[in-house]
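Structure first, then comments.
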Amino acid sequence: MNQVVNIPEIFGSDVFTEASMKQRLDPAVYEAWKQCISTGTSLSLDNANAIANAMKDWAIEKGATHYTHWFQPMTGITAEKHDSFITPTGDGGVLMDFSGKELVRGEPDASSFPSGGLRATFEARGYTAWDPTSFAFIKDGSLYIPTCFFSYNGDALDKKTPLLRSCEEVSREALRILRLFGDSDTKRVIACVGAEQEYFLLPKALYAQREDLRLTGRTLFGAPAPKGQELDDHYFGAIRTRVSSYMKDLDEQLWRLGVLSKTKHNEAAPCQHEMAPIYSGAVHACDSNQLAMEIMKKCAAKHDLVCLLHEKPFAGINGSGKHNNWSLATDTGKNLFSPGRTPRQNARFLVFLAAFIQGVDEYQDFLRCTVASAGNDHRLGSNEAPPAIVSIYLGDELNAVVDSIVRGTNYTDPTKSMMRIGVDAMPAIPKDTTDRNRTSPLAFTGNKFEFRMPGSSQSVAGPNIALNTIMAEELRKFADVLESTDDFDSALQKLVCQALSDHKRIIFSGNGYSQQWEEEAARRGLSNLSSTAVCLPTYVSEKNIDLVTRHGIFTEHEFRARFAIHLESYNKHLAIEAKTMLDMATCQILPAALRYSHALTDGLIAKKSIGAACKAESSLIAKLTTHCDWLYDACEKLRLDLQQLPGTPEDTALYCHDTIIPDMNSVREQADALEKLTAKDYWPFPTYADLLFY
Ligand code: ADP
Ligand code: MG
């Protein structure tokens, strides 16, 4: 019998929501908090004390004993340090206390979080500050307070602060445009995000036997299983019971935490699944995604499973991405990427569309950099995920509109005169129009853009900071022009037409996986930054620094620190992978293959003594010997090359890409050949067939 879950009742039950605040706070305090989040005014200490007290009472009723400031350092995962509510009463007892000061500010020891040089070693302190726009919640007996994380000098050390800043900026610039269209109702424009999360589930017992999975999150070895995903029998297939009960449990936990988990299904690769939430404001969506990733892992453990969020756990089958659906909406509920019904609404839509196209073209390298990581390098540009070239897919209907504007013709009938923006109505652009172009990195899907390049383990903060900031910048330029004109309609026509003509090279409808596209993209002058090592140096270009500092998203100092951290992370990941590989090859694979070869040799000697020919043994021994020797040589080369790492992080990244990765590929090639030659009971860990078809 299925246990009945009352979803509306449990949804958000572990969150100190607006409703709970309204219910538990003095009306004046509640109003002060509302004021604080809508206009950014600061809260008085009295009000902070009152909120802290109400939060604590609520948390204790729910069984919490501790509180923690929850933040998102630049590791890409979240961090927390728990303090109990106990305060001595002076007579040997304690009471449960939580002050406004403790709510508003924390001081975790920050010395072990990456800072990219933002913190001098003598001032390792970091500070956390309550983000009153995100709701506190309860998990594992602690009250979690979402916070921003910054250094003694006030530099942002986290992913949340710049995301909040970018949301403010895009709202501010978008409002300027809306005002020009006579919209005086909208007070805020909200960047909306829905992050579809792909993941793999494996049995814990099998996972535990593989050092590569445990240390690096992906398999560094493994010959292809006889079956892969070629039968397409997993995508949307019936979900097996064990996985289904995991998903049910996961949903329930996410709902309690106010995560809008909506869709679940099997993905293309065996053992691969997806969870998609209903979209929400970018900051909430980012928090929710961080929580979802964490709960996915924890919940798996309860079901004797392991959840892999790595971008490419297995060679030869699909990797995992995180489709980042992004749009802009007004606080009055209008989607600004929704083509409207009237000419005026169409004109507004075209302004936002043109700004987006112009921005993505101008800042394609910046966007590309936000998804660059060692893990994602295995996906981007490898014929199953979007290519490393950034381009936009608009769909046939919208393409026709853009073409007609650029060519100056009518979109339905090219012999007629052009569409006049703000006067003529466009055709309705149906959602989910033609066959979805799955090969596009950035697809328009009716009223939003689906950015498909982010990796599955990544925080979505980076990509959304970039999307928001790029959009803010282009809207700023547009607003500067449009605010200073006497003839709005013709200025608008000129502006949109110019933007689309200048930047239409970024629009591409064909097959993004093809060789022809690489050639075509090169002719169009689009970037093709095929790996993290070649891509990251473009991050700190003058143009990008201008962009992020103009909008106050990062100081130059903060921005350069991010670059240093991303580079360092790439280098560290590769070093760990290379060392794990050497360890497994030297201490597990080679000994196993040699043991098998010795056993064969013993058998051969015994059989030869009774006159048998021993063709199978001789031939197998010869092959095993050859591949063992080659594996040994490949390991020695990798070992030596690892000792020659160059001095600077930039050079190290390139060296890893040009030397270490090819070395690792050679080691793998020999090890995988040995796997196919060695008797199953000698092989030291589960194979692809064991892992993927358990
Ligand atoms: P799919 O891409 O799998 O066809 P959907 O179109 O239903 O699925 O949406 C995928 C994701 O996009 C979901 O997380 C959904 O909430 C989100 N989404 C839908 N509309 C918007 C929007 N206007 N802005 C941002 N995200 C959106
Ligand atoms: Mg999708």
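One is the number of the first residue; the rest follow in order along the sequence. All figures in this text were calculated on a predicted structure; none of them were measured in a lab. Atoms within each ligand, like the ligands themselves, are counted from 1 in listed order.
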Practice task
Validate the cation-pi geometry between Arg240 and Tyr694: distance from NZ or CZ to the six-membered ring centre under 6.0 Å, angle to the ring axis within 45°.
Solution key: yes

Practice task
Quick one: pull up OH in Tyr199 and CG in Leu250 and give me the separation to the nearest 0.5 Å.
Solution key: 6.0 Å

Exercise for the section: Mind checking the OG-CG spacing from Ser527 to Asp361? Nearest 0.5 Å is all I need. Expected result: 9.0 Å

Nearest to [atom] by heavy atom, [options]: which?
atom: atom 9 (O) of ligand 1; options: Glu450, His265, Arg452, Lys448; value: Lys448
atom: atom 13 (C) of ligand 1; options: Ser327, Ala276, Pro277, Ala285; value: Pro277
atom: atom 27 (C) of ligand 1; options: Phe337, Tyr279, Phe449, Trp326; value: Tyr279

Indicate yes or no: does [X] engage [Y] in a salt bridge with an N to O separation below 4.0 Å.
X: Asp185; Y: Lys334; answer: no
X: Glu473; Y: Arg476; answer: yes
X: Glu168; Y: Arg188; answer: yes

Problem - Contacting atoms of ligand 1, where contact means under 4.0 angstrom from a heavy atom of Gly194 - result: 14 (O), 26 (N)

Handout entry: Atoms of ligand 1, numbered as shown, that sit under 4.0 Å from any heavy atom of Ile278
Key = 16 (O)

Exercise for the section: Specify side chain, backbone, both or neither for Lys262, according to which of its non-hydrogen atoms lie closer than 4.0 Å to ligand 1. Expected result: neither

Problem - Asn335 heavy atom under 4.0 Å from ligand 1 - result: yes

